[in-house]
Amino acid sequence: MNGHLAVDLLRYGLLFWLGALVVPILYRLLNGGINVSGLLAQDVEGRDRGDTPPERVQFIVGILFAVLAYALQVLSQMHGTAPLKALPEVPQNLLLLFAGSHVIYLSGKLGRTLRN
């Protein structure tokens with residue numbers, strides 16, 4: 001078997017498998033099979049009151065932004081002239097954003113814990 005054919009089969013098989021995993025998860029999220037209410041709440045009482053700590057929101061937004069930025073960097077390098085042999089280095093600014101988001105989250109969590 002040709003080496004390139006085996007790599008291509010493995011690549012497309014993996015993409016198909018990941019896609020096959022995403023479809024039922026999205027379906028269950030959309031029809032309510034996976035309960036995400038209170039996902040951002042501090043505790044059960046906060047979920048019942050509808051409280052959402054702002055540091056949790058920024059934490060999730062920061063993580064999603066970092067993942068998207070890195071994925072776009074990988075995709076842009078994949079469509080370059082040379083084949084991608086390794087994942088690119090994580091940009092320093094992205095690491096700082098990620099670390100800052102964690103510091104804000106942990107500070108808010110610590111502040112709420114000390115206040116109670």
Side-chain angles (χ1 to χ4, degrees):
M1 178 180 262
N2 188 350
H4 293 290
L5 179 62
V7 169
D8 285 342
L9 285 174
L10 185 62
R11 176 183 302 148
Y12 292 118
L14 181 60
L15 286 174
F16 175 78
W17 181 70
L18 289 174
L21 286 175
V22 167
V23 169
I25 291 171
L26 284 177
Y27 174 75
R28 293 195 63 199
L29 277 171
L30 293 174
N31 77 357
I34 297 175
N35 184 9
V36 293
S37 67
L39 182 66
L40 295 175
Q42 181 81 9
D43 51 18
V44 175
E45 292 83 21
R47 183 192 65 207
D48 294 341
R49 288 189 312 267
D51 292 344
T52 302
E55 67 270 8
R56 285 183 181 243
V57 174
Q58 75 78 33
F59 185 67
I60 290 199
V61 169
I63 287 174
L64 292 176
F65 178 78
V67 167
L68 181 65
Y70 188 72
L72 289 175
Q73 181 182 359
V74 170
L75 288 174
S76 70
Q77 287 191 8
M78 282 178 59
H79 296 295
T81 56
L84 187 66
K85 295 187 189 270
L87 290 174
E89 290 291 321
V90 177
Q92 189 70 25
N93 291 340
L94 198 57
L95 284 176
L96 289 174
L97 170 80
F98 200 63
S101 178
H102 279 73
V103 167
I104 292 170
Y105 172 74
L106 291 173
S107 298
K109 190 165 184 67
L110 181 64
R112 288 180 198 283
T113 303
L114 293 176
R115 199 174 333 140
N116 293 336

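Note that the coordinates shown come from a computational prediction; the quantities given were computed from them, not determined experimentally. Heavy-atom basis, side chains included; hydrogens, waters and symmetry copies ignored.
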State which residue, out of Leu29, Leu30, Asn31, fulfils the side chain to side chain contact (heavy atoms under 4.5 Å, CB included) condition with Tyr27. Asn31
Exam field: side chain Ser101 to backbone Leu97, donor-acceptor pair closer than 3.5 Å: no
Looking at Pro88, is its backbone amide N or carbonyl O close enough to the side chain of Tyr70 to form a donor-acceptor pair, meaning the two atoms are under 3.5 Å apart? yes
Should [X] and [Y] be counted in the same cluster of Ile, Leu, Val, Met, Phe, Trp and Tyr side chains packed under 4.5 Å apart?
| X | Y | value |
| --- | --- | --- |
| Ile60 | Ile104 | no |
| Leu94 | Ile63 | no |
| Val103 | Phe65 | no |
| Leu106 | Val57 | no |
| Val67 | Leu64 | no |

Separation between NE2 of His102 and CD of Glu55, rounded to the nearest 0.5 Å: 13.0 Å
Look up atom CG in Leu21 and atom CZ in Phe16, then write down how far apart they are to the nearest 0.5 Å. 10.0 Å
Walk me through whether Val22 and Ile25 qualify under side-chain contact (heavy atoms from CB on, under 4.5 Å). CA-CA 5 Å; Val22 167; Ile25 291 171; 5.8 Å; no
Report yes if the side chains of Leu68 and Leu72 come closer than 4.5 Å at any heavy-atom pair, otherwise no. yes
Taking all non-hydrogen atoms of both residues, which atom of Lys109 and which atom of Arg56 are closest, and how far apart? NZ-NH2, 3.7 Å
